[in-house]
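Only one structure is covered here, and it is reproduced in the block below.
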Amino acid sequence: MPELPEVESARSVIERAALGRRIVEVDDSDTYVCRPHRPGEIRSALTGRLLVAAHRRGKTLWCDTGDNDTGDNGAGDAPVLGLHLGMSGKIVIAGADGSEVDGGDYWEGRRVKGDYRWSRFALTFDDGSRLMLVDPRRLGRIGLDPEIDRLGPDAATVTPAAFRAAVATGTVAVKARLLDQHAIAGIGNLLADEILWRARINPARPVDELTPSEIDRLLRATRRSVAAALAHGGVHTLTVIPFRRPGARCPRDHAPMSRGKVGGRTTWWCSAEQPVPAK
DNA sequence: AACAATGTTCAGTC
DNA sequence: GGACTGAACATTGT
């Protein structure tokens, strides 16, 4: 589910429904999701504190914590809670009575409201409300003090210079580079297909063979795709995503959609508009 | 029933 | 070091 737009939705859920209350209980018992922390480590660090801010870079979320009594507002050595939604994670806030207060507007998908069977991590606040990571596949990750510096610039705000620098090194396939979170942060498998389709560039093209004008198209397509997904409710609302299926035809020119594997992920592209260049 | 799935990391190879 | 592959994680939907 989550790529940059969905993670931004999760960030906003935390911001509007979980800041400013005291943490009275922490369930960090899932040793896989909370790795490499030992059970109780995250609980010890967070119990008694407040979430004071929710941030995002790429697909990584983190919350600053503070303490009303000491006036510590998340500066200095205050513990920072890192959250990653993995492939199937979702941030959900439940009220004191267990009813779902906020699960975000994006990717409601198949999940039924109030279904917390797959809660893998939870904070309980002093008013009885809870913040949960609901994650059936358990590929999400929770930890203290995440290393956000290792991520590339956020795809929603990357500058043209930084984008060109990130794309134009090495020889990897352009889609693999778009998916590289250390190069540019936030683009996932679906967003990458949409961006390359909009830019009319074959996903397998080596980055060192892209012309300056192609890199410009790629940048414009990235900005527009990310902005559209943020504005319209997630990556599923993008144009070419519904046509990533057998037998589909390109919504622009009706040529057959092709399928392959690039960067280790299933990749769809327009057979006519995104040709593999003849060598 | 087999297969793929919006992600990341690690081990192994060339 | 860079690029590539496969495995691992656990469950669901087609």
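Quantities reported herein were computed from a predicted structural model and do not represent experimental measurements. Convention: sequence-line order gives letters A, B, ...; per-chain numbering from 1.
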Among the candidates [options], find the nucleotide nearest to the side-chain atoms of [X].
X        : options               : result
A:Arg117 : C:dC9, C:dA3, C:dT12  : C:dT12
A:Tyr32  : B:dT9, C:dC9, C:dT11  : C:dC9
A:Arg177 : B:dT9, B:dG7, C:dA3   : C:dA3
A:Arg265 : C:dA3, C:dT11, B:dA5  : B:dA5
A:Leu139 : C:dC9, C:dT12, C:dA10 : C:dC9
A:Val172 : C:dA3, C:dC9, C:dT12  : C:dA3

Between [atom2] of [N] and [atom1] of [X], the distance in whole Å:
X        : N     : atom1 : atom2 : value
A:Arg57  : B:dG7 : CZ    : P     : 18 Å
A:Lys90  : B:dA5 : NZ    : C1'   : 17 Å
A:Leu190 : B:dA5 : CG    : C1'   : 9 Å
A:Leu179 : B:dG7 : CG    : C1'   : 10 Å
A:Ile187 : B:dG7 : CD1   : P     : 11 Å
A:Glu6   : B:dA5 : CD    : C1'   : 14 Å
A:Leu151 : B:dT9 : CG    : C1'   : 14 Å
A:Arg259 : B:dA4 : CZ    : C1'   : 8 Å

Next item on the list: Quote, to the nearest angstrom, the C1' distance that separates C:dC9 from B:dA1.
Entry: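 Those two atoms are separated by 22 Å.
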Item checked: Nearest-angstrom distance, P atom, B:dT8 to C:dG1 ->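 The same atom, P, in both gives a distance of 22 Å.
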Below 4.0 Å: OP1/OP2 of [N] and any side-chain N or O of [X]:
X        : N      : answer
A:Arg138 : C:dA10 : yes
A:Gln181 : B:dT8  : yes
A:His84  : B:dG7  : no
A:Lys261 : C:dT5  : no
A:Arg137 : C:dT12 : no
A:Thr266 : B:dA4  : no

Note to self: Measuring only between side-chain heavy atoms, which start at C-beta, is A:Leu50 closer than 4.5 Å to A:Asp67?
What the structure shows: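 Not in contact.
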Check: Have A:Asp208 and A:Thr171 got a donor and an acceptor in their side chains that come within less than 3.5 Å?
Finding: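 A:Thr171 and A:Asp208 do not have a side-chain donor-acceptor pair below 3.5 Å.
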Next item on the list: Check the side chains of A:Lys261 and A:Thr267 for a donor-acceptor pair under 3.5 angstrom, ignoring hydrogens and angles.
Entry: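 Looking only at side-chain atoms, A:Lys261 and A:Thr267 do not form any donor-acceptor pair under 3.5 Å.
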Note to self: Is it the case that over 12 heavy atoms from other parts of the model lie below 6.0 angstrom from the CZ atom of A:Arg223?
What the structure shows: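 Result for CZ/A:Arg223: enclosed.
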Next item on the list: Provide the closest heavy-atom pair for A:Ile142 versus A:His37 in the form atom of the first, atom of the second, distance.
Entry: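 Nearest heavy atoms, A:Ile142 then A:His37: O-CD2, 4.2 Å.
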Checklist line | Considering all heavy atoms, the nearest A:Pro79-A:Ala45 contact | finding: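 What the structure gives for the nearest pair is CG-O, 3.5 Å.
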Note to self: When both hydrogen-bonding distances must be under 3.5 Å and the geometry is Watson-Crick or G-U wobble, what is C:dA10 paired with, if anything?
What the structure shows: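 Looking at the geometry, C:dA10 pairs with no nucleotide.
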